[in-house]
There are 2 protein chains.
Amino acid sequence: MKNDLTTEQKIKAAAREVFIAKGFAACSTREIAKVSGMNVALVNYYFRSKTELFKLVFQDAMEEFVNSMVEVFSSDKSLEDKIRLLIEQEYEFLSRHPELPGFIVNELHREEGYEVDGSYFEKLLNTGIVEECQRACAAGKMREIDLISLTLLIMSNCDFPFMSKNLMKGIHKLSNDAYENQLNTHKKIVTDMLVSYLFPQKSI
Amino acid sequence: MKNDLTTEQKIKAAAREVFIAKGFAACSTREIAKVSGMNVALVNYYFRSKTELFKLVFQDAMEEFVNSMVEVFSSDKSLEDKIRLLIEQEYEFLSRHPELPGFIVNELHREEGYEVDGSYFEKLLNTGIVEECQRACAAGKMREIDLISLTLLIMSNCDFPFMSKNLMKGIHKLSNDAYENQLNTHKKIVTDMLVSYLFPQKSI
DNA sequence: AACAGTTTTAAACAAGTGTTTAAATCAATC
DNA sequence: GATTGATTTAAACACTTGTTTAAAACTGTT
């Protein structure tokens, strides 16, 4: 098993599992302790408080979430290929961490609570993607669009399909497997739609 | 104020407010009682339990959520206009109930818990929209797309921008007002993108 | 083997949880 | 005005919560 982990690591791993699955409010320190196989007191011994432990878990989640995008923008492909690659990679990443966007979005929602540490995103902005988009727009290679809407377009079409799994399964009466398949075909649709919207073919 | 409401109604209204704002787990019956201005025991007197009360609130939310779409599909406009109108109306509805999709998606997520009562969606299917789409596809008026992906496309691009408000505000360091404005311009983008994807211009 | 420091434990703490009880208040009927 | 029923109340219930305590067990060093 994972007996090579330290107690501290075991607790943090368990906390991540439980926090992401049920959210901050819906789980207890005792549950985290039980999942980690450790004593309740150890949670506070290593992490001071449930809240402090949550902050760590949330930060990690946020970093993973953002990092999955940074690589792509750092590559030296064309802008169109970057978008294609980004969607591809996001769907791959989210297949492995399907609960992550829901976790982040939801915990950010609960009473303005955990503010977003902007530093996560500076990394993303430092890839030069913003300037690249501006240049592409100016050169007429890409549709004029502000960065916020671009972010929204991509995240909406990548994250929401994973977040809304149970809702979609309910609406269309789908099994787990059926929905996984659906996600795969949806990825292609989203790629087509976004690329053809952002990089319209010139009419002759 | 709203003193014309019965005690039962006051409690249910308060429960809705608190449940939607913080989620089932993060709020207590005492908080609901306090917000409603009533005694704790009355919550159980009228609704048997916190869980039972939640089910009522969730059902109502679900119904509102779905009803906002049914009207549009029942109208006698062209399919393209229905899509346009649907997006328009969804953004308008979500401006008034911005926390609704997040509430639904998130509470459905928590441990497979509340299954989706399919009956909500039968109403939607009974509008004949499915057949209309199939006919439009067959006639080449609309891109071939399955109903699930169509649902996903529309909901992703309508709901996610509202659900991710705090995340987006954090990423792009926006004020509340700035984000409200952003939502307005995003609505147009989404409409353009979806319509031109679903109803592509024939190449000459 | 004795010590010091860290790690782990069971137990306790006060505060908060959902829910119930039994008495008090209210409203309407006779 | 007494009686019945529904409504409201404060108090209590047993249990869970996050956190702390103080003792135990373990570690490595002398």
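In what follows, chains are A, B, ... by sequence order, proteins preceding strands, each numbered from 1. Atom set for the values below is all heavy atoms of this structure, side chains included, hydrogens, waters and symmetry mates excluded.
- If you take CD1 of Ile32(A) and P of dT19(D), they are 10 Å apart, rounded to a whole angstrom.
- When the side-chain nitrogen and oxygen atoms of Tyr45(B) are compared with OP1 and OP2 of dT8(D), none of them lie within a distance under 4.0 Å.
- Ranking dT20(D), dT9(D), dT19(D) by closeness to the Ala41(A) side chain, first place goes to dT20(D).
- The distance between atom NZ of Lys50(B) and atom P of dT17(C), rounded to the nearest whole Å, is 9 Å.
- Applying the 3.5 Å distance criterion, the base of dG16(C) shares no donor-acceptor pair with the side chain of Arg30(B).
- Ion pairing of Arg96(B) with Glu92(B) is present here, as a side-chain N (NZ or NE/NH1/NH2) and a carboxylate O approach within less than 4.0 Å.
- Remark: P of dA10(C) and CG of Leu42(A) are 10 Å apart, rounded to the nearest angstrom.
- Seen from the ring of Phe24(A), Lys50(A) counts as a face-on cation partner, given the 6.0 Å and 45° thresholds.
- Distances were taken from every side-chain heavy atom of Ser28(B) (C-beta onward) to each of dA10(C), dT19(C), dG18(C); the shortest belongs to dG18(C).
- Phe24(B) has its CZ atom 13 Å from the P atom of dT17(C), to the nearest Å.
- Distances shorter than 4.0 Å separate none of the side-chain N or O atoms of Thr29(B) from OP1 or OP2 on dT17(C).
- Atom CD of Glu52(B) and atom C1' of dG18(C) are 14 Å apart (whole Å).
- Residue Lys22(B) contributes atom NZ, which lies 13 Å from atom P of dG16(C) at whole-angstrom precision.
- An OP1 or OP2 oxygen of dT8(D) is reached within less than 4.0 angstrom by a side-chain nitrogen or oxygen of Tyr46(B).
- Side-chain proximity of Thr7(B) to dG18(D), dT20(D), dT8(D): nearest is dT8(D).
- Using cut-offs of 30° and 60° for the angle between ring planes, the Tyr91(A) and His186(A) rings count as tilted.
- One can place CE of Met38(A) at 7 Å from P of dT8(C), the figure rounded to the nearest angstrom.
- Minimum interatomic distance between Val43(B) and Thr29(B) (heavy atoms only, all atoms of both residues): CG2-O, 4.2 Å.
- In this structure, the ring of Phe19(A) has its center less than 6.0 angstrom from the ring center of Phe54(A).
- Taking atom CZ of Phe47(B) as the reference point, atom C1' of dT19(C) lies 16 Å away to the nearest angstrom.
- For the OP1/OP2 pair of dA10(C) and a distance below 4.0 Å, the side-chain nitrogens and oxygens of Asn39(A) include at least one atom meeting the criterion.
- At the heavy-atom level, Val43(A) lies nowhere under 4.0 Å from the strands shown.
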